[in-house]
Amino acid sequence: MERTPPPIEDLWKEAGFTPNPEQSAAIRHVEGPLFLAAGPGSGKTRVLLWRTINLIVYHNIDPEEIFLSTFTEKAAAQLKEGLLSYLALVTNKTGKAYDIAAMSIGTVHSICQKLITDRRFAKNRTRQHPPALMDELAQYFFVYRRAFWDSLCIAAGFTDGDEGIQEVNLFFGKLYQGKPVKSRHKAAVELIGLFNRFSEEYLDPTACTTTNKILKKLLKMYRAYMEKLDNEKKVDFSLLQKKAYDHIAAFGKSGSIFKHVIIDEYQDTNTIQEKLFFTLAAGYKNICVVGDDDQALYRFRGATVENLVQFENRCKEKLKQKARRIDLSTNYRSRIQIVKTYTDFIELADWKNPSGGAYRVENKNIKAHSSDARTGVVVSEKKDAKFVYRDIVEFVYKLKQKGKITDYSECAFLFPGIRDNARVQGFKDAFKQFNDDNNLTGTDDEIRIYAPRAGRFLDLDEACAVWGMLLLVFDRPSYGAGISGELIYFREWLKNCKKYATEICAKDKQLANFIKDIKTEIETANNDYKALNNTIAKNGWQGKTAYKKSMSRILAETSGLSPKAKRSITNHFFNELVEFREKEGRPFTVDYIVNRASSLDWSVLDFFYQLTGFEHFRKMIDLAENHGDEGPICNLALIADYLSKYQDQYGPIISAGFLQEDKFSHSLYSSFTYALWRLAETEFEDKDDPFPRGRISFLTIHQSKGLEFPVVVLGSLFRKEREADIKEKTVRKLLHKENEGEPLDRISKFDTMRMFYVALSRAENLLILPQYTRGSAATDEFKELIASSSFKELNAFDPREMDKAKKHDKKVTAIYSYTSDFMLYKRCARQYMFLRKYEFTGSRTQTMMFGSLVHQTIEDLHHLLIDKREKELPYD
Amino acid sequence: MTDKEIEEELQKMFEINYESLKLQGGHSLTPEVRDAAWNQVLYYFKKLRKVVAEKVSKTEVKLTLPEQETPAGRRFTIEGIVDIVTENEETWMYDIKTHEAGFIEKHKEMYEQQLNVYAYIWEHLQGNKLDHTAIISTVLPSGLRNALRDRPIIPEKVKSEADKWNPVVPLAFSQKKIKETIREFGAVVDDIEAGEFKPATPEELDTADGGKVKFVTRYCIMCDGRFSCSSYRKYVAKTTGRSQADFKRYYSVYDDETAQTDYILSNLNMDIINMEFDKPE
Ligand code: SF4
């Protein structure tokens, strides 16, 4: 029998949670719109978690009736873990079980995908086929590829693809010596950005008018792009949201599906998302948004902080209800001085809105929970940059020596941008110098940093070595003379990688032999290919000729054919299939047979894993296995990830036909790798990176969102103000929103302030600010801040003022699966490390995804059958 | 709904799940792996619809043992997933696995240990009734897999192979060893958090389960970490009597010709081979 649950306070006690009055009020709020203004470190994840528990357990809300979106999959996973764990706590007391499997919880993107196929929004309750989702890289290739690019341009009314390139670049101001650049890459990247923005603004290209001749054409291109995707049943990330919105908007009762709509990180949502949320919340009007406008970071991806700042007004407009605002303003993260520093800092800009109010949520009254009034912020002495770097490096070393930090991963260096940033390079060099000077290099005490995104990922040692090995096996294609610009540098990079690999091979005979063997294999495949094609020519067949079983004998007798190719041609099972296809009227082509017989047994990813058997690479994995530096293995895992992305694009098979005319090497180097290499300059690589133990992380401020570190060094106090983004201007004009939102000429300042606010609020115990004498030393606001605060200087700071960094578990609770953790680990701990800890992408079996796919589908089947049974046997 | 309609719906659900897993993990499956997954789902339905699928009363029930403590004092939660069937007053608990039935038979003890913990949560913590526990293996036996590879497919052969197949492995459950298992689980959590990741020993690799398949053949061959794995390398060196220098053959990625045939068959794409690459700019 089910028992009544204990009061929620008992659960809090058991979970070791003591909410403050605001948190408690937020958790208990049930009906009507709710705005949680959540400052840094204010425990909003716990509040979200407990609020959801409150709804499910004490207000009988079915988890299926809850929509809960987070900014990352990781955040969603954490919430889910917390829910599961605390709901189980309740179950064990009451005997009532809860099932959150059907809850719509995840990133907006993943929930959108679910909405499209959600039976509840379908008129006849049958599910739709889902469109295939292209990730950013796939979208890039889709637009960039010559054939499609040309067709887009022609559809738009340009004479050809080249004219399109130039006009697009002209529109976006991509000029060189006054003339538009001729780069299709640049044009494609800009265009994709604009398309995404269009989709996120829910802009209808047929309804917009403009006098700008190029823009008119760009609108046509956008239309053609959407049509093409529709025909191929594909969507990109931005269109996925539009599709989901259209889907639910077409369904009359979309406001009555979710009783609660909850959105985290609301400051980073966009227009289409806001439409979606309010549509879903239209019926019950229980919309809860959580966020902090001061931490808005994603305007460059189309986010509009106005969604948050204007939330209360929008509720009045759209829901005819007043939202309740609760401020979660107690900071549980940082020392008093740190909190005071960032709250002072943000006030230094002028946020006033001339037509009343401000462009910021005002009166937040953020205060520290900590009563620790000791020093929390220090500045370097004001010196020439290279001395500042040096001082800070030394200081960090001292902290470790004195045991104030136990592991270097407790200290993070944050930068506005990390790529090609002189400050980043300066600190890197200073670390190196410091290690050398103190004979630390190579010892356990060496200070190591982890900065896979500083500079190109492809420039990292591990990447160069792997690509170099690939180049030893498959040489790069010749780009001829007369190439220019980036391609020259890229060719240099290819050459250097190869050189590096040659050096590694020179030191490792086994590896050199392995490479030699592999090359022989490739040669054999090429010879087979030639020989077979000779036979084909002799018999007067063509590549397209339909292949008959009777031809297999002739092919198999080709002289000089390798045994392997011969076996492939005479393979019994395959020949039965040949016969069958012949009868069915779908014969294979001769070409297909030749490629089949001459294909290699392995893919680039297989090759990569083979490489890890050789000392140079094996050492990196051994390190991790033996509690050492995790940096290299993390990089290897990222490389595997990229190589598998290549295979997603071009398939895993390397056949001799593909090797002809440098096709394969064009696909691998000129197309895929070159794209990675060039896209490195955009935000493409901005994703969740690991934090290897033993290393100091260098992060972009964007990457540090939601994180906290005992010690934070802000590497730079400056960012150049820029003109408002052309996409922003274009969209405002097209949608006649010129007078809405933040003024174009203040956007840059606002964004800079918010970004640094995020950086300053990451520190728990100590925040270190550099003071440079020359160059772009600091923004005006930073200068003012430092002038008006009396921060201690580094050398005056007594490390004793610092407590040892507490290793506190940030996870609410950790969930371990009986099968995929416990049993897997017991079977082989090292395989567990490979699959679960560093998440190496599988080369073939991909067990994890396979298992989930089978399980989830069987679960759906059960639901379907349960549903069906319930309908057939109604309750009497 | 007719069988055909259910199968169509099943296909749709399969695609939906595939796309969303792709989104979450950022990767796709090769077509032949996808097909294998699809066949498991389809034959699960065909084979078990009467016995299990149509009678499931609760699906994917999450069994959670929250707020446990490891020897080192970490808090953790154990999670498992089962399906529940109640019929004629009898309640069955099924765990659906993508492992082979034969393997499960041979490792009964290991799975019993698992089901014991699940049963404990279900019965004692949640206060439900339970009469039987069993594991269902969705892996098609090789006879059936081969019958499905035939061209043309001979329906009688498929049927007779499917009839022979018994995917349900009933296991007894008891409250034995629950405490030990949970303690062992906690120790594993500590080891994971402490970064203990040693491979199985070379001797273990050489040991066959239930007298048949060796660990190395069952697991290592599929493990991408084998090339860099000290145990695997030692095993190879020992069994071939060669020096570690000469492991080329053992490094061959796939020596199963049938598997290779299927692999090429579903992945060789002439459109890609015939693709034209323009000169980069
Ligand atoms: S090869 Fe893989 S499964 Fe085998 S022992 Fe090594 S890590 Fe474990």
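Quick caveat: nothing in here was measured; it's all calculated off a predicted structure. Every chain is numbered from 1 and lettered A, B, ... according to where its sequence line falls, protein lines coming before strand lines.
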Original post:
Side chain, backbone, both or neither: which part of A:Ile483 has an atom under 4.5 Å from a heavy atom of chain B?
Top reply: side chain
Original post:
Given that the side chain runs from C-beta out, which part of B:Gln114 has a heavy atom under 4.5 Å from chain A: side chain, backbone, both or neither?
Top reply: both
Subject >> Portion of A:Phe834 that has a non-hydrogen atom of chain B nearer than 4.5 angstrom >> reply: side chain
Subject >> A:Lys826 NZ: over 12 foreign heavy atoms closer than 6.0 Å >> reply: yes
**OP:** Could you go through the side chain to side chain contact (heavy atoms under 4.5 Å, CB included) check for B:Asn17 and A:Glu859 one step at a time?
**Re:** CA-CA 11 Å; B:Asn17 291 330; A:Glu859 179 192 355; over 6 Å; no
**OP:** Quick one: do A:Tyr818 and B:Thr181 satisfy side chain to side chain contact (heavy atoms under 4.5 Å, CB included)? Show the steps, please.
**Re:** CA-CA 10 Å; A:Tyr818 195 99; B:Thr181 308; 3.3 Å; yes
Original post:
Is it the case that more than 12 heavy atoms not belonging to B:Phe215 sit under 6.0 Å from its CZ atom?
Top reply: yes
**OP:** Would you mind checking which part of A:Glu14 comes under 4.5 Å of any heavy atom in chain B, side chain (CB onward), backbone (N, CA, C, O), both or neither?
**Re:** backbone
Subject >> Which portion of B:Tyr219 sits near chain A, non-hydrogen atoms under 4.5 angstrom >> reply: both
Original post:
Is chain B contacted by the side chain of A:His627, its backbone, both, or neither, given a heavy-atom distance below 4.5 Å?
Top reply: side chain
Original post:
So what's closer than 4.5 Å to chain A heavy atoms on B:Glu184: side chain, backbone, both or neither?
Top reply: both
**OP:** Please flag which part of A:Tyr609 lies under 4.5 Å from any non-hydrogen atom of chain B: side chain, backbone, both or neither.
**Re:** both
Subject >> B:Glu19/A:Thr117 under side chain to side chain contact (heavy atoms under 4.5 Å, CB included): CA gap, chis, key distance, verdict >> reply: CA-CA 11 Å; B:Glu19 285 302 330; A:Thr117 54; over 6 Å; no
Subject >> Most chain A-contacting option - heavy-atom pairs closer than 4.5 Å, from B:Ala200, B:Ala37, B:Cys223, B:Gly195 >> reply: B:Ala37
**OP:** Output the option from A:Leu133, A:Asp821, A:Ile621 having the highest count of non-hydrogen pairs under 4.5 Å with chain B.
**Re:** A:Leu133
**OP:** For A:Arg146 and B:Glu276, indicate whether the former's side chain and the latter's backbone hold a donor-acceptor pair under 3.5 Å.
**Re:** no
Subject >> Aromatic contact, B:Phe227 with A:Phe617 (centres under 6.0 Å) >> reply: no
Original post:
Where on B:Ala194 is there a heavy atom nearer than 4.5 Å to chain A: the side chain, the backbone, both, or neither?
Top reply: backbone
**OP:** Using a cut-off of under 4.5 Å on heavy-atom pairs, state which of B:Asn269, B:Asp83, B:Asp150, B:Asp271 scores highest against chain A.
**Re:** B:Asp83
Subject >> Pairwise side-chain contact, B:Val188 with A:Tyr816, heavy-atom cut-off 4.5 Å (strictly under) >> reply: no
Subject >> Output field: ring centroids A:Phe822/B:Phe185 closer than 6.0 Å >> reply: yes
Subject >> Engaged part of A:Met620 at the chain B interface, taking heavy atoms whose separation is under 4.5 Å >> reply: neither
**OP:** Return yes if some donor-acceptor pair links the side-chain N/O of B:Glu281 with the main-chain N/O of A:His185 below 3.5 Å, else return no.
**Re:** yes
Subject >> Region of B:Gln11 in contact with chain A, defined by heavy-atom distances below 4.5 Å >> reply: neither
**OP:** With sequence neighbours left out, write down each residue that passes salt bridge (Lys or Arg N to Asp or Glu O under 4.0 Å) with B:Lys198, or none if nothing qualifies.
**Re:** none
Original post:
So which part of A:Tyr825 gets closer than 4.5 Å to some heavy atom of chain B, the side chain, the backbone, both or neither?
Top reply: side chain
Original post:
Is the side chain of A:Arg830 donor-acceptor paired with the backbone N or O of B:Gly225 at a distance under 3.5 Å, no angle test?
Top reply: yes
Subject >> A:Lys663 (side chain) donor-acceptor with B:Phe277 (main chain) under 3.5 angstrom >> reply: no
Subject >> Best-contacting candidate, B:Asn274, B:Leu268, B:Asn128, B:Val41, against chain A by heavy atom pairs under 4.5 angstrom >> reply: B:Leu268
